[in-house]
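A short worksheet on the structure shown next.
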Amino acid sequence: MNLRSSLSAGIGLLSALTPLSGVAAQDRERPNIVLILADDLGYGELGCYGQEKIRTPHIDRMAREGMRFTQAYSGAPVCAPARCVLMTGVSSPYAEVRGNREVKPEGQHPLSPEIETMPMALRAVGYATGAMGKWGLGPVGSTGDPNTKGFDLFFGYNCQREAHTYFPGHLWRNDERVSLNEPKVPGHQKVQEAPAEFATGGLETFRGDVYAPNLMREEALRFLDAQVGGDSPFFLYLPFVEPHLAMQPKPELVESYPAEWDEEPYLGTRGYLPHPRPRAGYAAMITDLDAHVGAVLDHLQTLGLDENTLVIFTSDNGPTHDVGGVDTTFFASAGPLRGRKGSVYEGGLRVPMIARWPGRIEAGSETDRLVAFQDLWPTFAQISGCRVAEGCDGLGFSEAMLGEESPDEHEWLAWEFFGYGGQKAVRIGRFKGVMKQIRKGRTEIELYDLDADLGETTDIASEHPEVVARIRAIMTDQRRPEPDFPLPAFDG
């Protein structure tokens, strides 16, 4: 079954949920959609994915009340290209953005005018659309501005670089620059010796007056308030910034973690800001993220929106490298997976994903279906009736969420990433092929059997030449050249 027939099957599912006695009635019955995106949260950093040190009670509750995905993948191993795949439904070998690239003075490489996005499609069928968090797909006023790409309301960081501090000088409400901390707290500093306040766990030197994550969370709750009593459904996109560095968590959360975790302060020697208790600080950022998720879930319930709202939680890529004071080994941040952010090994691409829809998704359920970011738009199309743009190569998975037989699944998944020397990956069944340093002329393929070797420790390419040949053919044929992110070995 191809994408279009799969989508048609999903529309049939929508009909089963929706009374067909007029558009207004359909609008009231179609589900609301909340998509929560963490920033650099690893596969192993949630309790429901095996984390033993960091507290994530609200996200763990979401998993108990919904479905946990064990084989969910981002669209790319870093921020901007992952978000491009998410918004456009186009996998990275065909996507317009394949790496992080800044645009001065503030923003990232913008989506072009002709690119359609998921929120544009949802808005076209009557959904109110809001986004609070980090954008990263085009400066304010550009062709990639979030308002241009389908959001009625955007509030947060337009630029990824600005989001390196939790005490910025400003955020954006649509095209209005909202001043916050004057001066802002820069996200990158280092010191020769620890400030005196570090001796007692103090954080004041690297904190400001206005903590941006709180503002974005409150804006999200106000957006939900505005939907009560309306005839139209809504799509709320929450690309929260935690636990991306710099490390500036709430002091009370830092103090709630064991003092014995941290024998030495971090002085900023590996990028980002110093911190007196870096392990506790990192855990505190994830617990703060968890609190944001809990606030959204609780508010949906308080407003009576809970039962008709699909909430999906995931992360834009794997956990950060051991920079900025982070110790991902201590926390087993990638679980059993190899690699971190920026890598096309599993640790950079495989992400937690949880779906909750009371009365529709079985509580405490789990699926090992292969899903990726490009699948979210077709999935939302199945339950909302919106169109899917030509060129979208995702597959809807609403049937899998609802415990029904799925009409179509991925035969393979492919990734192309411009950064870190140029990388490609292809997954076919249990096999995963990896190619690295492409921009240096290297095109050899490593091959791993994920069923037997989830940690990608043993290259078995020499044992399966036929699988390697098929993966090479996919890497070569299933893509299009992108002049802004060239890979000469494949572009011809």
In terms of the angle between their ring planes, are Tyr237 and Phe151 parallel, tilted or perpendicular, with boundaries placed at 30° and 60°? parallel
Ring pair (Phe, Tyr, Trp, His ring centres under 6.0 Å) assessment of His321 paired with Tyr420: CA-CA 13 Å; His321 313 287; Tyr420 296 79; 5.7 Å; yes
When rounded to the nearest 0.5 angstrom, what distance separates CG in Asp322 from OG1 in Thr328? 3.5 Å
Out of the candidates Cys386, Pro233, Ser232, only one should pair with Arg30 under the side chain to side chain contact (heavy atoms under 4.5 Å, CB included) rule; please name it. Pro233
Taking the side chain as every heavy atom from C-beta outward, state whether Val241 and Pro213 have any pair of such atoms under 4.5 Å apart. yes
Indicate yes or no: does Glu307 engage Arg360 in a salt bridge with an N to O separation below 4.0 Å. no
Between the main-chain N or O of Arg479 and the side-chain N or O of Tyr94, is there a donor-acceptor pair closer than 3.5 Å? yes
Taking the ring of His164 and the ring of His244, is the distance between their centroids below 6.0 Å? yes
Hey, can you tell me if Trp415 and Tyr73 have their rings parallel, tilted or perpendicular (30° and 60° cut-offs)? tilted
Indicate yes or no for a side-chain donor-acceptor contact from Gln108 to the backbone of Ala80 under 3.5 Å, with no hydrogens or angles considered. no
Could you walk me through whether Val34 and Thr309 pass the side-chain contact (heavy atoms from CB on, under 4.5 Å) test, one step at a time? CA-CA 7 Å; Val34 177; Thr309 301; 3.8 Å; yes
Pairing of Glu65 and Arg61 as salt bridge, 4.0 angstrom limit: yes
Tell me the closest heavy-atom pair linking Lys149 and Pro119, and the distance in Å. O-CG, 3.3 Å
Tyr282 versus Glu45, side-chain donor and acceptor atoms under 3.5 Å: yes
May I ask you to say whether Lys104 pairs ionically with Glu102, meaning some side-chain N is under 4.0 Å from a carboxylate O? yes
Evaluation steps, salt bridge (Lys or Arg N to Asp or Glu O under 4.0 Å), between Lys432 and Glu456: CA-CA 9 Å; Lys432 169 90 172 290; Glu456 296 171 289; 3.2 Å; yes
Below 6.0 angstrom between ring centroids: does that apply to Trp172 and His170? yes
Determine, stepwise, if the pair Thr88 / Glu96 fulfils side-chain contact (heavy atoms from CB on, under 4.5 Å). CA-CA 9 Å; Thr88 65; Glu96 191 173 50; over 6 Å; no
Phe167 and Tyr211 aromatic centres sub-6.0 Å: yes
Is a side-chain donor or acceptor of Gln374 paired with a backbone partner of Val85 at a separation under 3.5 angstrom? no
Check ion pair Arg340-Asp40 (N to O, under 4.0 angstrom): no
Could you go through Arg83 and Asp316, starting from their C-alpha distance and side-chain angles, then the distance that decides it, and tell me whether this counts as salt bridge (Lys or Arg N to Asp or Glu O under 4.0 Å)? CA-CA 7 Å; Arg83 292 156 200 264; Asp316 64 346; 2.9 Å; yes
Rounding to 0.5 Å, atoms CD1 (Ile286) and CD (Glu242) come to a distance of 10.0 Å
Is the backbone of Thr143 close enough, under 3.5 Å, to the side chain of Thr148 for a donor and an acceptor to pair up by distance? no
May I ask you to decide whether Glu116 forms a salt bridge with Arg387, counting only side-chain N to carboxylate O separations under 4.0 Å? yes
Stepwise side-chain contact (heavy atoms from CB on, under 4.5 Å) test for Leu297 and Arg356: CA-CA 10 Å; Leu297 295 177; Arg356 179 184 182 274; 4.3 Å; yes
Flag if over 12 foreign heavy atoms under 6.0 Å of CD, Glu52: no
Considering residues at least two apart in sequence or located in another chain, which fulfil the side chain to side chain donor-acceptor pair (under 3.5 Å) criterion with Gln301? none
Any salt bridge (charged side-chain N to carboxylate O under 4.0 Å, His left out) involving residues 119-141? Give me the pairs, sequence neighbours left out, ordered by first then second residue. Asp39-Lys134, Arg123-Asp152
Is a side-chain donor or acceptor of Arg350 paired with a backbone partner of Tyr43 at a separation under 3.5 angstrom? no
Please lay out, stage by stage, how Glu399 and Leu402 fare under the test side-chain contact (heavy atoms from CB on, under 4.5 Å). CA-CA 5 Å; Glu399 296 90 352; Leu402 301 178; 6.0 Å; no
cation_pi(Arg369, Phe69) dist<6.0 Å, angle<=45: no
Test your reading of the model: is there a side-chain donor-acceptor pair from Gln382 to the backbone of Ser398, 3.5 Å cut-off? yes
Gln227 side-chain N/O to Phe223 backbone N/O, donor-acceptor pair under 3.5 Å: yes
Side chains of Thr379 and Asp375: is there a donor and an acceptor less than 3.5 Å apart? no
Would a distance-only check, ignoring hydrogens and angles, find a side-chain to backbone donor-acceptor pair under 3.5 Å from Gln423 to Gly342? yes
Please check this pair: side chain of Arg101 against backbone of Asp484, looking for a donor-acceptor N/O pair closer than 3.5 Å. yes
Applying salt bridge (Lys or Arg N to Asp or Glu O under 4.0 Å), run through Arg161 and Glu106 and close with a yes or a no. CA-CA 8 Å; Arg161 173 66 59 175; Glu106 182 183 346; over 6 Å; no
Just by modelled atom types, is the Gly150 backbone N or O under 3.5 Å from a matching donor or acceptor in the Thr129 side chain? yes
Please report the C-alpha distance between Asp225 and His299 in whole Å, then the side-chain angles of each, then the deciding distance to 0.1 Å, and finally whether the side-chain hydrogen bond (donor to acceptor under 3.5 Å, both in side chains) criterion is met. CA-CA 9 Å; Asp225 289 339; His299 209 60; 2.6 Å; yes
